[in-house]
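The block underneath contains the structure these notes are about, expressed in structure tokens.
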Amino acid sequence: MKLYIGNLSYRMTNDELNKTFSAYGDVLSTHIVLDRETQRSKGFAFVEFSDKQAAESAMQSLNGKELAGRTIVVNEARPKPARQRRAG
DNA sequence: GTTGAGCGTT
């Protein structure tokens, strides 16, 4: 199961996310979303859990918590949309 | 500062 983490601090790192979420279960991967050109955090991230119950536990426990000075939001990630293939 | 990329033409 995959979680969406919103309202993240721009200072947040994958390692910090991994440590924070692995307290509730086995984290397979973390992915902070960066601006494609500047590599600056876009303020949200994804965390993938091996187990659904672990993810739900983390979601309940961490939603609304403060992390690196920002109050984060945690919920189940939506499917990633397909990229448009135009001249842009 | 709120739902993920890169390649390359649907």
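What you see is a predicted model; the values in this text were computed from it and never measured. Chain identifiers are assigned alphabetically (A, B, ...) following the order of the sequence lines, protein sequences preceding nucleic acid strands; residue numbering begins at 1 within each chain.
- Atom CG of A:Leu3 and atom C1' of B:dG4 are 14 Å apart (whole Å).
- As rounded to whole Å, 13 Å separates atom C1' of B:dG4 from atom CZ of A:Arg36.
- With rounding to whole Å, A:Asn75 atom CG is found 14 Å from B:dT2 atom P.
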How far apart are the C-alpha atoms of A:Asn14 and A:Thr30, what are their side-chain angles, what is the distance that settles it, and do they pass the side chain to side chain donor-acceptor pair (under 3.5 Å) test? CA-CA 6 Å; A:Asn14 285 299; A:Thr30 61; 3.1 Å; yes
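- B:dT2 has no stacking from A:Phe44 on its base ring, since the centres under 5.5 angstrom apart and planes within 30 degrees of parallel are not both found.
- Atom CG of A:Leu28 is separated from atom P of B:dG4 by 20 Å (rounded to the nearest Å).
- Counting heavy-atom neighbours within 6.0 Å of A:Asp26 CG, excluding the residue itself, gives a total of 12 or less.
- Distance A:Arg40 CZ to B:dT2 P: 11 Å, rounded to the nearest Å.
- Put simply, CG on A:Asp35 is 9 Å from P on B:dA5, counting in whole angstrom units.
- In the set B:dT3, B:dG6, B:dG4, B:dT3 carries the atom at the smallest distance from any side-chain atom of A:Arg78.
- Of all nucleotides listed (B:dT2, B:dG6, B:dA5), B:dT2 comes nearest to the side chain of A:Asn7.
- With sequence neighbours excluded, no residue forms a side chain to side chain donor-acceptor pair (under 3.5 Å) with A:Glu56.
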Would you mind writing out the side-chain donor-acceptor pairs for residues 62-69 of chain A within the sub-3.5 Å range, not counting sequence neighbours?
unit_1: A:Asn63; atom_1: OD1; unit_2: A:Val74; atom_2: N; d: 2.9

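- At the heavy-atom level, A:Phe46 lies under 4.0 Å from base atoms of the strands shown.
- Atom NZ in A:Lys2 sits roughly 15 Å away from atom P in B:dT3 (whole-Å rounding).
- Within the nucleic acid shown, A:Leu8 comes within 4.0 Å of at least one base atom, counting heavy atoms only.
- Residue A:Pro81 is in sugar-phosphate contact alone, with no base atom involved, counting any heavy-atom pair closer than 4.0 Å across all strands shown.
- In this entry the distance linking CD of A:Glu37 with P of B:dA5 reads 12 Å, nearest Å.
- The minimum heavy-atom distance linking A:Ile32 with A:Ala45 is given by the pair CA-CB, 3.7 Å.
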